[in-house]
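Below: one structure, written as structure tokens.
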Amino acid sequence: MARAYDVEAIERKWQRLWEEEGTYQVDNDDPRDKYYALCMYPYPSGAAHQGHVRNYTFGDLAVRYQTMQGKAVLSPFGFDSFGLPAENAAIKTGTHPRVFTEARMAELKSSLIRLGAVYDWRREIWSHDPEYIKWNQVIFLKLWEAGLAYRQKAPVNWCPGCQTVLANEQVLADGTCERSGDLVERRELEQWFFRITAYADELLEALDDLDWPEKVKVMQRNWIGRSEGAEFDLVVEGNEDLKLRVFTTRPDTSFGMTYAVIAPEHPLLDALTTDPHRKEVEQLRQRASHETDIERMSEGDPAALGKRGAFTGTSVLNPFNGQPVPLYVADYVLMGYGTGAIMAVPAEDERDWAFATLHKLPIVRTVQPPEGWEAEGGGAYTGDGVKINSGFMDGLDISTAKARAIDWLEEQGIGERKINYRLRDWLVSRQRFWGCPIPAVYCDDHGVVPVPEDQLPVLAPDDVEFLPTGQSPLVNSEEFLLTTCPIDGGPATRETDTLDTFVDSSWYFLRFCDPWNKEQPFAPIAAQHWMPVDQYIGGIEHAILHLLYARFYTRALIDVGLADGVPREPFKRYLAQGLIRLDGSKMSKSKGNLISPEHYYETVGADGLRLFHLFVGPPFDDMDWSDQTDQLIEGCGKFLDRLWRACTEVVPAREGPEALSDADGGIRRVVHRTIADVTRDLERWSYNTAVAHCMELLNALQRYAREDVGVHQEVWSEALGALLRLLAPLTPHVTAELWEHLWPGDPSVHLQRWPEYDPELVRQDTVTMVIQVNGKLRDRVEVDADISESDAEAVALASEKVAAVLNGGSPRRVVVRPPKLVNVVV
RNA sequence: GCGGGCGUGGCGGAAUUGGCAGACGCGCCGGGUUUAGGUCCCGGUCCCCGCAAGGGGGUGGAGGUUCGAAUCCUCUCGCCCGCACCA
């Protein structure tokens, strides 16, 4: 397509200029109000695809818009450059991950520059930079010292494909690895953990005040999984010294406990199993430990539930009524949650109901189900109702009964109120090479010892062999492995595990505030200045992992004294940008279904492509890249062509100072209305309607220019000036070029202030009043904007259309909403 | 199963608080410019009846609240996302 202007030349020209002049560099002592705009720093997978284009278009819009609003905008960029793909590539090709990674970084960086996205590149950080590694390790030591990092043997998720341990968050619902798709196994290993659970309550409560998508907040709430209830002891019948502790969220149902269940991994299982049942119990235990999560969770099938439980031969006493109930072992009870044992109340719990039915265990209702419940099939009733069969709780509602039951347990000294979380501590050890080494050494005499800060960073050596052995090359590197104990100087070995890359991304936004700091990860005063991030942008795939870790880490850094005075919530507003699908699946490097922007840079330019991404729909909606997409993009190119011609072609103008005609006044009102609309739209992320309003303005200007009398020069200039400024954050190159063309010598459009509207001109003198009969549109009348209620009614009743319907009669009722509407009810 | 969201022309999508449904764009139709195609310019385009004026219907479906519902409520169908034995 022939363009109205040389897209490529103009865009390159301005990109060079922004970089040379450092237009978007900001210093920490900048006196303007601060604004921190940030796109999630990317894993460098190579040249940008449309997903990146969309992401960085939104980010760049925020940077440029806020700059024009007079803010000092921090717009940094960096790379999440540690990670598995580079290491896998190294195993395959023998090329060092650094070489591989840095080549990908260069590709992505150049794509972004070509997109016209602007950053303060002086602040660029890479997670594999020795400087960054050092501060990462310093932070680790501080957390360790504060007890927020610890080492523990624990059953962990082991991915045989990746040959590493995974965080719970990286195991999918079907028990497979989110990255390789392999079935994850359980293993008992010594691993490093971060104590995120210490922050469970705060992380949960602080969600309420965040300006984040509700959906993401709900996901985090569910992930943290707070549940309130009670913990209490069940005494073993015939052995008063042996007690089994259980957790329940329904202490009100305690009278309905007809059996209890213990997890197969429970330490007391052995002691609680009687000899006649030992064989069966042992079988179940064996199977549970070997079964993958997938098999273990083949849920919904009651027969399976039956097979997966066995009687221990022991009975425990229900403390509420003193009755003995049988104790079962079943793998539907998890050792990792609560106490690893439950009281089972089949009448009010669906799983217990299924299990009880199968094992022919008694069922006692403690909540009166509604009328007809049994007739409709019965089953466990988990709804509201009145307590029955419950001794001192009879007649109470559920929530009162809960409180009463807990009070009773506390009075008896057998239990107490208890809050449990689903959230587990964050396992951060990874048996990989291409990550930040964990700064610890193992000494025979002193155990695990921190590497002193003055010996940091601990860096992995380069001359290692990348072999598909399933172990980190570090394990086979004597140079790395063998060291001395920091305490006694004796022989010691280094920790060969590296940190989960999510650790790197949990504080990079803080380092951006002060990336040059040689003394500390960042100066708290710098982070105080820029934080929180005012606008965070990135994919919703990080709704739980990254966003939760970063929220935790920021708090932890404050609490260990590395970030005094920094706000505890790092991301004030978060835009979860929609993903782009091609042929029904997400556009991504790993799927290989990419559409490169390069071709469009030649046809409609970065401006045209950016405009398309903004215009196609709301930024948080997913979009399908379809057959029609190229036509939409071309349409955006055409709009920019029309803009170009409107600004460059000679428009006949009237000479000399002259009173404004109606048309002149009208166009001014449209201009100011548009400023108001676009400003509001950009503030509320309604980028698509902002573009639409700009298109409408251009349409109006072209109609105005076509009129025979010629344009009023000042009105025309004001209009073009406003339109160019409104579009500057959206299509930065062409607007900069046209601004320079119209006002040579003036500072660039990007250095101009965002246009302001004149409220006088936005205010409407007359409006179209809608006249309805029985809620149906019948007529429209131009009326004064400040028309009175009685005048509005009179005007409406005077309408011919209304008169025709009334036919001489009088209306039953007239609803008057001046000046917009009158509804005549007959 | 639980939780959240969505459903509007041929398509992407608009519609501050319940108040003109379909802005803007794509596509399509017609016209102009052009040797021609493309570009560019003008006009039309929710559906039905009608030459028109005009009328009727219409926001997945069925009810309801209201003077008035795409918007609120109930039920229902369909799709998408998240979680999934968490006691």
Side-chain angles (χ1 to χ4, degrees), chain A residues 1-4 172-174 213-223 225-227 229 246-250 253 261 263 293 296-300 304-305 308 330-334 336-345 348-352 354-355 420-424 540 543-544 579 611-612 615-618 621-624 626-636 638-639 641-642 645 677 680 684 686 688-696 699 702-703 706 768-780 811-817 820-826:
Chain A
M1 298 305 144
R3 288 266 88 90
L172 301 180
D174 63 357
E214 196 51 39
K215 178 190 180 135
V216 175
K217 295 207 268 185
V218 167
M219 283 164 74
Q220 292 215 350
R221 276 189 202 110
N222 292 342
W223 190 261
R226 181 182 200 271
S227 51
V246 295
F247 172 71
T248 180
T249 53
R250 292 292 305 273
T253 63
V261 190
D293 280 354
R296 190 159 166 172
M297 293 195 314
S298 61
E299 168 233 355
L305 257 180
R308 294 181 350 229
D331 64 1
Y332 81 86
V333 171
L334 311 172
Y337 185 77
T339 61
I342 61 163
M343 68 165 192
V345 184
E348 278 99 31
D349 182 284
E350 277 160 24
R351 265 162 321 151
D352 294 347
F355 192 88
N420 261 319
Y421 298 91
R422 212 186 77 110
L423 184 70
R424 290 297 116 78
I540 196 155
I544 296 175
L579 57 81
L611 194 64
F612 159 76
F615 183 53
V616 70
D621 282 4
D622 294 345
M623 67 157 289
D624 283 291
S626 73
D627 298 344
Q628 206 203 22
T629 301
D630 275 358
Q631 289 170 329
L632 298 178
I633 295 172
E634 182 53 30
C636 290
K638 283 182 188 173
F639 168 75
D641 284 342
R642 286 203 293 134
R645 285 192 293 269
D677 287 340
R680 188 205 56 200
R684 60 172 191 148
S686 187
N688 52 335
T689 55
V691 174
H693 283 124
C694 289
M695 288 174 167
E696 281 180 292
N699 291 344
Q702 290 190 313
R703 273 195 300 276
R706 270 202 305 278
T768 306
M769 186 172 79
V770 170
I771 299 171
Q772 298 179 331
V773 175
N774 292 335
K776 285 191 198 302
L777 175 73
R778 278 297 174 271
D779 206 356
R780 279 174 251 236
R812 275 203 295 141
R813 185 180 165 184
V814 183
V815 179
V816 188
R817 294 284 178 276
K820 296 190 76 173
L821 172 136
V822 175
N823 188 12
V824 180
V825 185
V826 295

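Every chain is numbered from 1, with letters handed out A, B, ... down the list of sequences.
Contact check, R817(A) against rU17(B): no side-chain N or O comes under 4.0 Å of OP1 or OP2. Using a 4.0 Å cut-off, some side-chain N or O of R813(A) falls inside it from OP1 or OP2 of rC67(B). For the OP1/OP2 pair of rC40(B) and a distance below 4.0 Å, the side-chain nitrogens and oxygens of K638(A) include at least one atom meeting the criterion.
Distance noted for atom P between rG18(B) and rC24(B): 25 Å (whole Å). Nucleotides rG27(B) and rU33(B), compared at atom P, are 23 Å apart to the nearest Å. Distance noted for atom C1' between rU34(B) and rC41(B): 12 Å (whole Å). Using atom C1' as the reference point in both rA36(B) and rU45(B), the two lie 28 Å apart (nearest Å).
When the C1' atom of rA14(B) is taken as reference, atom CZ of R684(A) falls 10 Å away, rounded to whole Å. Taking atom NZ on K776(A) and atom P on rA69(B), their separation rounds to 9 Å, with Å as the unit.
Residue-to-nucleotide contacts include a donor-acceptor pair under 3.5 Å from the side chain of Q772(A) to the base of rG19(B). A donor N or O paired with an acceptor N or O is found under 3.5 Å between the base of rU16(B) and the side-chain atoms of R680(A). For E696(A) against rC24(B), a side-chain-to-base donor-acceptor contact under 3.5 Å is absent.
Among the atoms of the strands shown, only primed sugar atoms or phosphate atoms (P, OP1, OP2) are found under 4.0 Å from some heavy atom of Q631(A). Looking at heavy-atom distances under 4.0 Å, N699(A) makes contact with sugar-phosphate atoms alone, never a base.
Pairing partner, rG78(B): rC6(B), with both Watson-Crick or wobble hydrogen-bond distances short of 3.5 Å. Base pairing of rG50(B) is not made with any nucleotide, judged by Watson-Crick or G-U wobble geometry with both donor-acceptor distances under 3.5 Å. When both pairing distances are held under 3.5 Å, rG1(B) makes a Watson-Crick or G-U pair with rC83(B). With a cut-off of 3.5 Å on both Watson-Crick or G-U wobble distances, the partner of rC28(B) is given as rG44(B). Of all nucleotides present, none satisfies the Watson-Crick or G-U wobble test against rG18(B) with each distance under 3.5 Å.
Looking at residues two or more places apart in sequence or on another chain, you find a side chain to side chain contact (heavy atoms under 4.5 Å, CB included) between R680(A) and D677(A), R684(A), H693(A).
Here the CG-CD1 distance, from L777(A) to I771(A), works out to 9.0 Å after rounding to the nearest 0.5 Å.
When only modelled atom types and interatomic distance are considered, R422(A) and N222(A) share no side-chain donor-acceptor pair under 3.5 Å.
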